[in-house]
Amino acid sequence: MRLSTANTSDHVFLLQKSLYGLKLLPRAWYQRFAGFVQRSGFTASISGTSLFVYKEGADVAYLLLYVDDIILTASSPVLLQRIIRLHHSEFAITDLGELHHFLGISVTWTSDGLFLSQRQYAMDLLKRAGMAKCHSTATLVDTQAKLSAMDGAPVADATQYRSQAGALQYLTLTRPDIAYAIQLVCLFMHDPCEPHLALLKRVPQYVKGTLFTGLHLGVGGFDSLIAYSDADWAGCSDSWCSTSGYCVFLGDNLVSWSSKRQTMVSHSSAEAEYRAVAHAVAKTCWLRQLLQELHAPIASATIVYCDNVSAVYMTANPVHHRRTKHIEIDIHFVCDKVALGPVRLLHVPSSHQFADIMTKGLPVQLFPDFRSSLCVRDTPA
């Protein structure tokens with residue numbers, strides 16, 4: 001490509017095609033950036049390819065990359081400024097100061113931690129759905145009715161249904177209280193019917209009444225990892241598959257959660273609960289490895305709470321009867337973790353099973369209490 005100006009009339013510029021909209025652009029940029037930060041002393045995380053960790057004596061720094069957006073934090077201001085200057089020398093970057101907004105998530109700093117909110121994203125979502133002035137509702141899912149894929153007539157615009165359901169998925173980043181309802185409406189994206197659309201519209205109605213709600217992350221107390229696991233046995237009236245759900249707390253802060261339909265039919269409630277436990281244990285193992293890479297390891301065992309006595313009994317008895325042969329992999333995985341010590345599985349009453357909010361609709365009297373237990377609070381004054 002030749003450019004002609006008063007000062008560069010005889011210059012020829014080489015066009016780097018990988019920087020202009022090709023499919024290889026993300027890979028080319030990541031390799032360029034990752035190579036530089038690793039030469040600068042950072043170590044790439046095994047648990048997450050976008051995370052880089054710097055360790056020098058007692059000082060530590062974390063760098064999180066998403067395309068061209070970077071979150072950088074360090075244990076000392078001196079180290080932080082040194083890393084920023086180093087990146088300035090290599091890239092044309094802008095230091096935006098203290099973190100306040102990242103990928104549509106608003107960050108509010110308080111005296112006791114951080115408050116993460118997607119209020120603006122939720123308001124834009126309501127406007128796109130034409131529900132900015134809708135009436136609010138106190139809960140998301142009816143506690144009695146079970147949706148089926150064959151209920152009612154097909155919706156007039158399936159594309160609009162899929163668009164709204166997909167947009168709501170991103171809202172679960174700071175709203176674990178809507179995770180179960182979102183995974184429920186997403187099960188029918190292939191062929192939505194009118195009852196599914198009614199549930200989909202109920203989610204924005206609930207969001208409208210909780211616009212100032214977000215996820216609170218407190219400071220201190222990061223010496224324990226606790227998980228709550230639950231399953232709704234044969235909750236799907238079409239496939240009879242169960243729904244797994246878990247919530248993982250680092251200290252008093254909710255750091256991971258999931259609501260997901262199991263891929264196979266469970267023969268009993270104990271089997272469904274045990275598969276849910278296996279999913280929760282796998283997530284806690286990943287979190288323990290991540291904390292190890294962050295140089296903040298957890299010394300104590302991970303506590304996993306389950307409200308099914310049979311599932312707890314199976315983890316303590318590796319030689320069980322023949323009825324568990326078809327879930328042998330999950331049995332061995334969890335039993336090995338329990339035997340080696342990183343995990344302890346304990347029973348918890350259903351009244352204190354916080355993962356219930358991930359597997360079923362709760363009554364209006366119980367839903368706010370469980371939502372508060374998941375660190376979902378109102379915006380600080």
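Values below: every heavy atom of this structure, side chains too, minus hydrogens, waters and symmetry copies.
Residue-environment remark: CD1 (I93) exceeds the threshold of 12 foreign heavy atoms within 6.0 Å. Applying the 6.0 Å contact sphere to NE2 of H88 captures more than 12 heavy atoms from other residues, nucleotides or ligands.
The salt bridge (charged side-chain N to carboxylate O under 4.0 Å, His left out) contacts involving residues 299-315 comprise nothing, where partners must be two or more places apart or lie in separate chains. Residue pairs meeting the salt bridge (charged side-chain N to carboxylate O under 4.0 Å, His left out) criterion with at least one member in residues 93-103, sequence neighbours excluded, do not occur. Within the structure, salt bridge (charged side-chain N to carboxylate O under 4.0 Å, His left out) pairs that include any residue of residues 69-84 comprise E56-R82 (at least two apart or interchain). Contacts classified as salt bridge (charged side-chain N to carboxylate O under 4.0 Å, His left out) and involving residues 246-266 (residues at least two apart or in different chains) are not found.
L51 and Y66 fall within the same hydrophobic cluster, where Ile, Leu, Val, Met, Phe, Trp and Tyr residues are linked whenever their side-chain heavy atoms come under 4.5 Å apart, directly or through other members. At a threshold of 4.5 Å between side-chain heavy atoms, the hydrophobic network of Ile, Leu, Val, Met, Phe, Trp and Tyr places V107 and L173 in one connected group. Both L290 and Y246 sit in one connected hydrophobic cluster of ILVMFWY residues. Membership requires side-chain heavy atoms under 4.5 Å apart, directly or through other members. Residues V37 and Y30 fall within the same hydrophobic cluster, defined by Ile, Leu, Val, Met, Phe, Trp and Tyr side chains chained together at heavy-atom separations under 4.5 Å. Using a 4.5 Å cut-off between side-chain heavy atoms of Ile, Leu, Val, Met, Phe, Trp and Tyr, with links allowed through other members, V53 and L99 fall into the same hydrophobic cluster.
The side-chain hydrogen bond (donor to acceptor under 3.5 Å, both in side chains) test with T213 is passed by exactly one of T174, D378, D177: D378.
When every heavy atom of K337 is checked against every heavy atom of C285, the shortest pair comes out as CE-SG, 3.6 Å. Taking both residues in full, the closest heavy atoms of L171 and Q118 are given as O-OE1, 3.1 Å, listed atom of the first, atom of the second, then distance. Nearest approach of H267 to W233, heavy atoms of both residues: O-CZ2, 3.7 Å. The shortest heavy-atom contact between R344 and A301 is CG-CB, 4.1 Å. Between S269 and N308 the shortest heavy-atom distance is OG-ND2, 3.9 Å.
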Output a table of donor-acceptor pairs, distance under 3.5 Å, between side-chain atoms of residues 190-197 and any protein atom two or more places apart or on a different chain; print 'none' if there are none.
unit_1, atom_1, unit_2, atom_2, d
H190, ND1, L187, O, 3.4
H196, ND1, C193, N, 2.9
H196, NE2, S148, O, 2.7

Below 3.5 Å, can you tabulate the donor-acceptor pairs from side chains in residues 122-140 to any protein atom, sequence neighbours excluded?
unit_1, atom_1, unit_2, atom_2, d
D124, OD1, Q120, NE2, 3.1
T137, OG1, T139, O, 3.4
T139, OG1, R202, NH2, 2.9

Pairs under 3.5 angstrom only: tabulate donor-acceptor contacts from the side chains of residues 361-372 to other protein residues two or more places apart or in another chain.
unit_1, atom_1, unit_2, atom_2, d
R371, NH1, Y206, OH, 2.9

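Looking only at side-chain heavy atoms (C-beta outward), Y274 and T315 come within less than 4.5 Å of each other. Between Y54 and L79, the closest side-chain pair of non-hydrogen atoms falls below 4.5 Å.
Listed by chain and residue number, W240 satisfy the side chain to side chain contact (heavy atoms under 4.5 Å, CB included) test with A234 (two or more places apart in sequence, or in another chain). For R377, the salt bridge (Lys or Arg N to Asp or Glu O under 4.0 Å) criterion is met by no residue, not counting sequence neighbours. Residues passing the side chain to side chain contact (heavy atoms under 4.5 Å, CB included) test with S244 are Q262, A276, H279, sequence neighbours excluded. When the side chain to side chain contact (heavy atoms under 4.5 Å, CB included) test is applied to Q31, the partners found at least two apart in sequence or on another chain are R27. When the ring pair (Phe, Tyr, Trp, His ring centres under 6.0 Å) test is applied to F33, the partners found at least two apart in sequence or on another chain are W29, H87, F91.
Side chain to side chain, T302 and R288 meet the donor-acceptor criterion of an N or O pair below 3.5 Å.
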